[in-house]
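In what follows, a structure is listed as structure tokens, so that the remarks can point back to it.
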Amino acid sequence: MTFDVIVVGGGPTGLFLACELRLAGVRPLVLERRPDPDLSDKAHGLAGQVVRLLDNRGLFERCGGRGAPVPAPGLFFGGMPLPLRALGKENPMYLLPANQRDLERVLDERAAELGADVRRGWDVLSFDQTDDQVDVVARGPDGTETTFTARYLVGCDGGGSLIRKQAGIAFPGISDDNVVDRTALIGPSERFRFTPGGRVVIDGLGEIPAMFHRTDQGVFTLLAHDPERPLVNTAEWEDHPAGDFPGPGAPMTPAEMEESVERVLGVRLPLAPPPEGAPTLLRRLCGRNSRLADRYRDGRVFVAGDAAHVSHGPTLNAALQDAANLAWKLAATLRGWAPEALLDSYETERHASGERVLMHTRAATALMAPGGDVTALRRLFAELLERTENTHMVAALMAGSDVRYDMGEEHPAAPTGWFVPPIDLTTDDGHTRRLAELLRDARPLLLDLTGGNALGATVEPWNDRVRRVTATAEDSPAPALLIRPDGYVAWAGADPDSLKTALTRWFSPG
């Protein structure tokens with residue numbers, strides 16, 4: 001059985017990659033070991049420019065968002081509040097409070113709508129690649145082994161990725177075994193109540209921040225995304241004292257969660273179970289890994305998502321952007337109009353982003369650790385955040401919007417290489433639209449606001465791969481923008497000659 005691309009792993013990364021490939025006219029096969037979707041509680045939201053990426057594909061509202069994404073008024077870094085409201089229009093932080101299982105359900109539905117072949121219960125055993133293809137051996141639900149063939153293979157199979165290991169891609173990094181994280185979904189209680197402004201009142205303790213309350217013993221968080229099912233979390237820096245829990249492999253219990261909360265807060269807080277039938281969560285994570293693949297490609301084999309980078313941070317945010325970056329480049333190659341180095345740019349661009357994610361998650365962990373030295377560092381950091389430019393820098397770091405891709409020549413008023421800003425448009429048919437609505441099909445887009453025909457004549461040889469939309473806008477950063485399928489600005493300006501150079505660089509000669 002031959003396909004264009006085989007994707008190993010049917011979690012959010014693999015499913016989103018399949019959606020992107022189908023939008024580009026590519027035939028992917030997704031092989032997922034689990035027989036059914038994972039309904040366990042994992043990530044509880046997306047943050048940063050990945051939210052706008054989902055909006056570009058029409059998935060923001062399907063994942064629980066309302067209308068268009070709006071920048072968040074505040075957030076935390078290292079357990080310290082970020083005054084994002086002060087950033088105004090420069091605020092890059094968007095939030096989408098969607099549980100990972102719900103995101104996976106939406107992406108699974110979307111992949112089916114687009115005609116992606118997603119097969120569950122298939123355990124990939126091995127692969128071999130030649131100069132022309134990749135052969136993948138997998139065991140199906142009935143125990144029969146089958147060989148699938150494709151032009152390319154992408155491992156989206158998590159931190160323990162079989163694909164990464166068999167490709168010989170190293171996964172260097174650091175493991176901090178001194179931190180224990182515990183999480184549980186609980187029920188409402190008379191012992192605590194939430195107040196406006198993101199705070200909680202706990203009997204016997206008083207009012208504290210609901211998010212990232214740091215004490216000398218650790219960090220406590222109590223979130224009410226669903227008031228009937230609050231999420232409680234603790235982080236303790238310890239050496240796994242004897243008697244604290246049976247061992248890293250033993251199931252966590254509600255009593256263990258209560259004891260951890262008491263150690264961190266100094267008060268006993270009985271934890272009621274969530275309402276009957278609600279999703280439950282009792283999870284203990286011993287240690288925090290920060291690892292980054294030393295390369296994202298081996299011949300016809302690629303890695304993305306947790307197979308490429310893991311950390312105690314927003315790895316899902318980065319993973320979906322990996323998929324968007326890789327998909328259009330694979331499609332362009334398969335359809336015969338990719339420049340020679342286009343596939344190599346996936347690693348160049350996304351590896352740098354992975355490095356930033358690991359850096360800022362490790363820095364945030366360090367800021368929450370106990371001890372007087374860290375307390376002094378937090379005081380200094382708080383003073384630095386009083387400057388708007390520093391708040392913007394940290395927000396951009398967390399949002400993933402601080403990594404600029406090398407696009408070559410740029411417009412002086414609108415540097416290329418950044419994720420395209422939100423723009424309200426009036427198209428030539430008189431309709432008012434958001435730019436995101438024009439990016440649903442994941443095609444390269446020339447947004448022409450010049451009011452003339454010079455750029456139309458320039459882009460005409462690329463009409464089979466680049467869509468041109470003429471419109472007017474009051475808030476555009478440049479007279480015209482060439483936008484890649486992953487949302488990044490490849491060119492900005494009004495000069496036909498420089499546009500032709502950019503079109504040739506990214507989409508081959510017309």
Side-chain angles (χ1 to χ4, degrees), residues 12-13 16-17 20 43-57 59-60 63 65 69-72 74-78 82 84 87 89-98 100 103 156 290-293 296 303-329 345-365 389-407 415-422 435-436 439 483-490:
T13 308
F16 189 56
L17 177 61
E20 293 286 285
H44 285 80
L46 297 171
Q49 67 184 28
V50 69
V51 177
R52 292 190 50 237
L53 172 62
L54 291 182
D55 183 41
N56 289 349
R57 297 298 184 262
L59 297 173
F60 175 71
C63 291
V70 177
L75 204 61
F76 290 82
F77 179 80
L82 287 177
L84 299 178
L87 300 181
K89 292 184 178 181
E90 300 300 317
N91 184 357
M93 185 56 68
Y94 297 80
L95 300 179
L96 179 59
Q100 182 168 322
L103 171 65
C156 301
S290 298
R291 298 192 176 277
L292 179 67
Y296 281 20
V303 290
D306 284 356
H309 46 77
V310 295
S311 70
H312 188 79
T315 51
L316 182 55
N317 298 338
L320 298 181
Q321 293 176 84
D322 291 345
N325 187 291
L326 178 59
W328 76 271
K329 296 173 181 178
S345 72
Y346 165 66
E347 176 182 316
T348 303
E349 293 177 350
R350 296 309 301 163
H351 193 277
S353 178
E355 288 179 328
R356 299 292 286 176
V357 170
L358 263 63
M359 181 272 285
H360 85 70
T361 54
R362 290 178 63 190
T365 296
E389 63 269 27
N390 292 335
T391 298
H392 183 270
M393 183 191 74
V394 175
L397 176 67
M398 296 176 66
S401 60
D402 65 327
V403 175
R404 180 187 178 190
Y405 298 160
D406 179 14
M407 301 291 182
T416 57
W418 304 105
F419 199 77
V420 65
L435 175 59
L439 300 174
I483 305 168
R484 304 190 325 184
D486 57 355
Y488 281 80
V489 178

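All heavy atoms count here, side chains included; hydrogens, waters and symmetry mates do not.
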Heavy-atom side-chain contact between [X] and [Y] under 4.5 Å:
X    : Y   : answer
Q321 : Q49 : yes
Y94  : D55 : no
W418 : P92 : no
M398 : L82 : yes

Quick one: list whatever passes side chain to side chain donor-acceptor pair (under 3.5 Å) with [X], sequence neighbours left out.
X    : result
H312 : R288
N91  : none
T391 : none

message = Under the salt bridge (charged side-chain N to carboxylate O under 4.0 Å, His left out) definition, can you give me all pairs with a residue in residues 311-320, not counting sequence neighbours?
response = none
key: Verdict with reasoning, D322 to H309, per side-chain contact (heavy atoms from CB on, under 4.5 Å)   = CA-CA 10 Å; D322 291 345; H309 46 77; 2.7 Å; yes
Smallest separation among heavy atoms of [X] and [Y], with atom names:
X    : Y    : answer
Y405 : D486 : CE1-OD2, 4.3 Å
L320 : L103 : CD1-CD2, 4.3 Å
A304 : Y346 : CB-OH, 3.4 Å
L95  : A47  : CD2-CB, 3.6 Å
A323 : T13  : CB-O, 4.0 Å
L84  : A395 : CD2-CB, 3.6 Å

query = Name the one of L53, L46, L96 that satisfies side chain to side chain contact (heavy atoms under 4.5 Å, CB included) with F60?
reply = L96
inquiry  = Given E349, which partner from the list R356, R404, R484 fulfils the salt bridge (charged side-chain N to carboxylate O under 4.0 Å, His left out) test?
reply    = R484
task = Applying side-chain contact (heavy atoms from CB on, under 4.5 Å), run through L326 and Y296 and close with a yes or a no.
result = CA-CA 10 Å; L326 178 59; Y296 281 20; over 6 Å; no
ask   = Using 30° and 60° as the class limits, which term best fits the ring planes of H360 and F77: parallel, tilted or perpendicular?
value = tilted
request  = List the steps, then state whether side-chain contact (heavy atoms from CB on, under 4.5 Å) holds for M407 with V489.
outcome  = CA-CA 8 Å; M407 301 291 182; V489 178; over 6 Å; no
task = Mark yes or no for whether R57, through its side chain, and L439, through its backbone, hold a donor-acceptor pair below 3.5 Å.
result = yes
ask   = By salt bridge (charged side-chain N to carboxylate O under 4.0 Å, His left out), which residues pair with R52, not counting sequence neighbours?
value = none
task = Please name all residues satisfying salt bridge (charged side-chain N to carboxylate O under 4.0 Å, His left out) with D306, sequence neighbours left out, ordered by chain then number.
result = none
ask   = Around atom CZ of R291, are there more than 12 heavy atoms of other residues, nucleotides or ligands at under 6.0 Å?
value = yes
request  = Working to the nearest 0.5 Å, report the span between OG of S353 and CG of N325.
outcome  = 9.0 Å
